Amino acid sequence: MYDIAIIGGGINGCGIARDAVGRGYSVCLAEMSDLASGTSSWSTKLIHGGLRYLEHYEFRLVRESLEEREVLWSMAPHIVRPLRFILPHHSGLRPAWLLRLGLFIYDHLGGRKLLPPTRVVDLTRDDAGAPLRDAFRKGFEYSDCWVDDARLVVLNARDAANRGADIHTRTQVVRAVREAGHWRVTLRDLASGNEREIEARLLVNAAGPWVDKVLSDAAGWNGARNVRLVQGSHIVVPKLYDHDRCYIFQNPDGRIFFSIPYEQDFTLIGTTDRDYDGDPGAVAITAEEKVYLCKAAGAYFNRPVEVEDIVWTYSGVRPLFDDGASKAQEATRDYVLREDGDKDSGVLVNIFGGKLTTYRRLANSVMGKIEAVLGAKGPEWSGAEPLPGGDFPVLDFAARLQAVKQKYPFLDDRTALRLTRQYGTLVFEIFGDAIKAGDLGRDFGAGLTEAEVRYLIEREWATTAEDVLWRRSKLGLRLDEGQVTTLQGFMSEAVSRAA
C-alpha cells in the first residue's frame with residue numbers, strides 16, 4: 001500500500017514524486033514510455049517568466065515564474081544556466097514604450113537577484129545587431145535561463161528514487177478502481193506484457209496530453225475533455241551567428257518566437273502555436289510550420305533561412321487547460337488542479353496544464369491537496385536541496401568544468417563541457433578513477449562511451465538508443481546511422497542481461 005501513486009513521468013509527475021517522497025510519503029510512479037518522452041522534452045528549453053504572458057494579464061503566473069528562475073538555477077547549476085535575450089524593436093509592431101514597460105515589470109515583479117537587469121541596446125554598434133537586417137537599429141536586452149528539459153525530468157526522478165520512490169518506466173496504468181477508500185491500480189509492463197496490482201491511498205493523474213485518456217480508459221470517465229492540445233514545433237539549423245545571446249522576435253501575426261544557440265554548432269528556432277487534434281504521440285512538424293519558422297526568422301536575419309537548411313525538427317503537444325480561448329496562443333499557460341472523491345472513497349488529483357518553469361510550484365500545490373487527505377508529514381523542502389550533480393555554488397560552473405578536465409585530461413574540451421553540463425559532479429561517479437580513454441570502454445561516437453551508457457542504463461532508466469541520444473543527451477545530432485545501430489545493439493544486450 002503506497003501513500004501516493006502517480007501516473008506520468010513528465011516534469012509534473014517526477015516533480016511531485018520528488019517532493020512527496022522527500023516529505024516522508026511512500027510513492028510509486030508509472031510512466032508508459034521513457035521519462036520525458038512527451039511534452040517535457042519538446043519545449044523551447046527555457047526557464048523564463050513568460051514575457052508575452054503579461055499581454056494576457058497573467059501576472060500571478062509571470063511573478064511565480066520569475067521567482068522560480070533563480071531557485072531552479074541554484075538547484076541545478078549544471079543543466080540550468082543564465083541567458084541574455086535581445087528583443088529588437090520592430091517599428092511596425094509593438095511600440096518601444098510598451099516593450100520598455102513590459103521589461104520594467106519583468107525586472108521588478110519578483111525574484112531577480114543574480115540575473116542582470118534589462119538594458120537598451122544600440123544594434124548598430126552592438127555585436128548582437130551584426131546578424132540582423134539593417135532596419136533593426138534599437139533593441140532591449142534582458143535575462144532568462146536555459147534548461148536541458150529532459151534532464152530536468154530525469155534528475156527529479158533520480159532524486160525521488162534516491163529518497164525511496166519506486167519509478168517504473170515502460171509501465172502503463174491500464175486500470176484504476178476505488179476500493180474501500182483507496183485505489184487499486186493495475187500496472188502493465190509493456191516489455192513483457194505482465195500485469196500486477198498495487199494499492200495507493202491517493203492517485204495523481206499527471207499524464208500530460210494523455211490526462212483525459214487516462215480518465216476515460218483507466219478510470220472509466222467516458223468522454224472526459226479538460227485539456228486543449230496545442231502543437232509547438234521547432235527547427236534546428238547550422239548556427240546563424242557566433243555570439244552566445246538569444247533573440248526573441250515578434251511576428252506580424254502577434255506571435256513571438258525565439259532564436260537560441262544550440263549544442264555549440266546549431267541555432268534553435270521556435271516555437272509555433274496551433275491547435276492539435278490527434279494522437280499526442282504521433283505529432284510531427286508540418287511543411288507549413290517549417291516554412292512559417294524559416295520565413296519568420298528570415299524577416300529578421302540578414303541571411304535567409306531556408307527549409308533546406310534544417311538539420312533536425314521536433315514537435316510536442318502542450319496540454320493546456322481548456323479555458324475557451326479563441327486562439328491557441330491565447331489559451332492560459334497556467335496550471336489547474338482538480339480533485340475528485342474524498343477520504344472515504346479515495347481521492348484522485350488531476351493536473352491540467354503547467355510549464356517547466358513552475359513545475360516545483362505546481363508540485364507544492366499538489367502537496368497541499370495530498371496533505372489535506374493523508375495528513376502532513378514533512379515541511380516544504382524541494383527548493384532548498386540540489387538535484388543530483390548540482391551540489392556546487394550557482395556561479396561555480398567554470399570551476400566544476402576545470403575540475404573535470406584536471407581529473408580526466410584525456411577528454412577533449414567539447415566532451416568535457418558536455419559531460420559537465422549533463423552530469424555536474426556526477427561525472428566523477430560515472431568515470432571513477434579512469435586515467436585514459438580506454439578505461440571508459442568503446443566510444444560509440446562524439447565522446448559517448450560505454451561507461452556513460454552503462455550509467456544511463458543502471459541509474460537513469462535508459463533502455464534504447466533514442467533514450468540516450470535524444471533525451472539524456474542531444475548526441476543524435478552527431479552520430480551517424482551506423483553508430484546508432486551499434487549503440488542500440490550494445491544497449492539491447494546490456495538491458496537484457498540486467499533484466
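Since the structure is predicted, the reported quantities are computational estimates derived from the model, not experimental observations.
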- prompt: Does the Thr357 side chain pair with the main chain of His48, one donor and one acceptor, at a distance under 3.5 Å?
  reply: yes
- prompt: Between Arg170 and Asp34, does at least one N-O distance fall below 4.0 Å, as a salt bridge requires?
  reply: yes
- prompt: Mind checking whether Tyr300 and Phe249 have parallel, tilted or perpendicular rings, split at 30° and 60°?
  reply: parallel
- request: Flag the pair Glu68 and Arg361 as a salt bridge only when some basic side-chain nitrogen lies within less than 4.0 angstrom of an acidic carboxylate oxygen.
  value: yes
- prompt: Which pairs pass ring-ring contact (aromatic ring centres under 6.0 Å, His included) with one or both residues in residues 462-493, sequence neighbours excluded?
  reply: Trp312-Trp470, Phe444-Phe490
field: Side-chain donor/acceptor of Thr169 to backbone N/O of Ser33, under 3.5 Å
entry: no
- request: Return the set of residues passing salt bridge (charged side-chain N to carboxylate O under 4.0 Å, His left out) with Arg414 (not counting sequence neighbours), or none when no residue passes.
  value: Asp265
task: Taking atom CD of Glu288 as the centre, report whether more than 12 heavy atoms of other residues, nucleotides or ligands fall under 6.0 Å from it.
output: no
- prompt: Thinking salt bridges, do Glu64 and Arg360 make one under a 4.0 Å N-O criterion?
  reply: no
query: Should Arg184 and Glu199 count as an ion pair when the cut-off is N to O under 4.0 Å?
result: yes
query: Under 3.5 Å, is there a donor-acceptor pair linking the side chains of Arg318 and Thr39?
result: no
message: Side chains of Thr485 and Gln483 only: does a donor on one sit below 3.5 Å from an acceptor on the other?
response: no
message: Please check: side-chain N/O of Glu195 versus main-chain N/O of Arg188, any donor-acceptor pairing under 3.5 Å?
response: no
message: Less than 4.0 angstrom from a charged side-chain N to a carboxylate O is my criterion; do Arg63 and Glu58 meet it?
response: no
query: Who passes salt bridge (charged side-chain N to carboxylate O under 4.0 Å, His left out) against Lys45, sequence neighbours left out?
result: Asp149
- prompt: At what distance, to the nearest 0.5 angstrom, does CZ of Arg178 lie from CG of Asp340?
  reply: 4.5 Å
field: Residue Arg175 excluded, over 12 heavy atoms near CZ under 6.0 Å
entry: no
query: Got a salt bridge between Arg52 and Asp273, using NZ or NE/NH1/NH2 to carboxylate O under 4.0 Å?
result: yes
message: So does Asp253 get a backbone contact from the side chain of Asn251, meaning a donor-acceptor N/O pair under 3.5 Å?
response: no
- request: Cation-pi check, Arg274 to Tyr292: give yes when NZ or CZ is under 6.0 Å from the six-membered ring centre and within 45° of the ring axis, no otherwise.
  value: no
field: Check: Ser43 main-chain N/O paired with Tyr314 side-chain donor or acceptor under 3.5 Å
entry: yes
